[in-house]
Amino acid sequence: MNEVIRLLTNHRSFRQYTGEAVEPEKLKTIIEAAQAAPSWVHGQQVSVIAVRSEERKHRLSVLSGNQKHVADAPVFLVFCMDFHRAKLAAELEEQPFEAARDVDALLVGATDVGIALSNAVAAAESLGLGIIPIGGVRRNTAEVIKLLQLPEYVFPVVGLCIGYPAEELPKKPRLPVQAVYHEEVYNPDQKELIEAYNETHRESLKAQGLTEREWSGTIARFYALNPQYGDAGQTLPQQGFTCDNLKK
């Protein structure tokens, strides 16, 4: 196994940091890695906003659901899908800009952000830093948009805490590969695979001295209690993503 594969398969998410500053050259490397990620039509539909201000990090931690580690991390990155530059390109070329009327723009933007985030995570971890992605930036996107002064056609998708880890964590077990990897057609035996994984999940928690619970129960409760996560339904149209050309 080479070093890249070892790094990718050894991921942990850290919520506690030493407080040591992230060196500017390391942050620059992380951003360059994120920017090097592939994107749809080479449109580069991603912007990353680095937040170091204690006041602004605290505000983002509150908006993200009172997640203290957002405030504690030396650097908090906010990854945004960004079609603002595409709109400016349309104006420069005197072309109409209709992409944001199509739901495909949301798929493109979210996918491009995910790929860029993955590059940033790998780069940060390779530099000895700890990270944890924060989907909570989508809880109160109207306030995040205001706080970060995001223009039209820019939308916050996910945050990323970065810092030097102040703790050692075990690796969380993943679903059986048969549940995720399918050959030719989708594997229908998902319920049996989940039931087997529930036991693995419980044993992992037990080994850490944590409350034992089944993975399926955690996921089921989350999606039962969060049928609509955050305010994106209101703020996406406000940012120009109307998706109003869907076929009726």
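Keep in mind that this is a model prediction, so the values were computed, not measured.
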S.K.: For the residue pair Tyr229 and Arg138, confirm or rule out a side-chain donor-acceptor distance under 3.5 Å.
M.R.: no

S.K.: Look at atom CD of Glu93 and say whether more than 12 heavy atoms of other residues, nucleotides or ligands are closer to it than 6.0 Å.
M.R.: no

S.K.: Membership question, hydrophobic clusters at under 4.5 Å side-chain separation (ILVMFWY): are Ile115 and Val108 in the same one?
M.R.: no

S.K.: Evaluate the criterion side-chain hydrogen bond (donor to acceptor under 3.5 Å, both in side chains) for residue pair Asp112 and Gln45; output intermediate values, then yes/no.
M.R.: CA-CA 6 Å; Asp112 280 3; Gln45 286 91 199; 2.5 Å; yes

S.K.: Could you tell me whether the side chain of Gln16 reaches within less than 4.5 Å of the side chain of Asp72, counting heavy atoms only?
M.R.: no

S.K.: Between Arg59 and Glu143, does at least one N-O distance fall below 4.0 Å, as a salt bridge requires?
M.R.: yes

S.K.: Please report the shortest heavy-atom distance between Val158 and Gly135, naming the atom on each side.
M.R.: CG2-N, 4.2 Å

S.K.: Take atom NZ in Lys171; do more than 12 heavy atoms of anything else shown fall under 6.0 Å from it?
M.R.: yes

S.K.: Does Glu55 CD have over 12 foreign heavy atoms under 6.0 Å away?
M.R.: no

S.K.: Between Lys191 and Glu195, is the closest basic N to carboxylate O distance under 4.0 Å?
M.R.: no

S.K.: Evaluate the ring planes of Phe83 and Phe97, with Trp represented by its six-membered ring, and classify them as parallel (under 30°), tilted (30 to 60°) or perpendicular (over 60°).
M.R.: tilted

S.K.: Between Tyr186 and His182, how do the two ring planes meet: parallel, tilted or perpendicular, split at 30° and 60°?
M.R.: parallel

S.K.: Using modelled atom types and a 3.5 Å cut-off, is there a donor and acceptor pairing between side-chain atoms of Asn187 and backbone atoms of Ala179?
M.R.: no

S.K.: Looking at Ala116 and Val46, what are the two nearest heavy atoms and their distance?
M.R.: CB-CG1, 4.1 Å

S.K.: Quick check: are there more than 12 heavy atoms from other residues, nucleotides or ligands sitting under 6.0 Å from CD of Glu91?
M.R.: yes

S.K.: Hydrogens and angles aside, do His11 and Thr9 bring a side-chain donor and acceptor to less than 3.5 Å of each other?
M.R.: no

S.K.: In this structure, would Ile219 and Leu175 fall into the same cluster of hydrophobic residues linked by side-chain contacts under 4.5 Å?
M.R.: yes

S.K.: Counting N and O atoms only, with roles assigned by atom type, does the side chain of Asn198 sit under 3.5 Å from a partner on the main chain of Trp215, one being a donor and the other an acceptor?
M.R.: yes

S.K.: Is there a donor-acceptor pair closer than 3.5 Å between any side-chain N or O of Gln208 and the backbone N or O of Ser204?
M.R.: yes

S.K.: Give a yes or no on whether Arg56 atom CZ has more than 12 heavy-atom contacts from other residues, nucleotides or ligands under 6.0 Å away.
M.R.: no

S.K.: Per the side-chain contact (heavy atoms from CB on, under 4.5 Å) rule, which among Leu160, Ile162, Val137 passes with Phe76?
M.R.: Val137

S.K.: Strictly distance-based, threshold 3.5 Å: is any side-chain N or O of His69 a donor or acceptor partner for the main-chain N or O of Cys161?
M.R.: no

S.K.: Taking everything shown except Tyr223 itself, do over 12 heavy atoms lie less than 6.0 Å from its OH?
M.R.: no

S.K.: Does a salt bridge link Glu3 with Arg6, judged by any charged N lying under 4.0 Å from a carboxylate O?
M.R.: yes

S.K.: Glu54 vs Lys57, test: salt bridge (charged side-chain N to carboxylate O under 4.0 Å, His left out). Steps then yes/no.
M.R.: CA-CA 5 Å; Glu54 295 299 326; Lys57 282 191 300 173; 3.3 Å; yes

S.K.: Where do Asn140 and Leu63 come nearest, in terms of heavy atoms and distance?
M.R.: ND2-O, 2.7 Å

S.K.: Tell me whether Leu193 is reachable from Val180 by hopping between hydrophobic residues (I, L, V, M, F, W, Y) whose side-chain heavy atoms are closer than 4.5 Å.
M.R.: no

S.K.: Can you establish whether the number of heavy atoms outside Gln44 located under 6.0 Å from its atom CD is more than 12?
M.R.: yes

S.K.: For residues Thr218 and Glu214, is any side-chain donor paired with an opposing acceptor at under 3.5 Å?
M.R.: no

S.K.: Could you tell me the separation between the CD1 atom of Ile49 and the CG atom of Leu77, rounded to the nearest 0.5 Å?
M.R.: 10.0 Å

S.K.: Would you say Leu205 ends up clustered with Tyr197 if hydrophobic residues are merged whenever their side chains have heavy atoms under 4.5 Å apart, either directly or through other cluster members?
M.R.: no

S.K.: Are Phe155 and Val103 connected into the same hydrophobic cluster when the rule is that any two of I, L, V, M, F, W, Y join if their side-chain heavy atoms are below 4.5 Å apart?
M.R.: yes

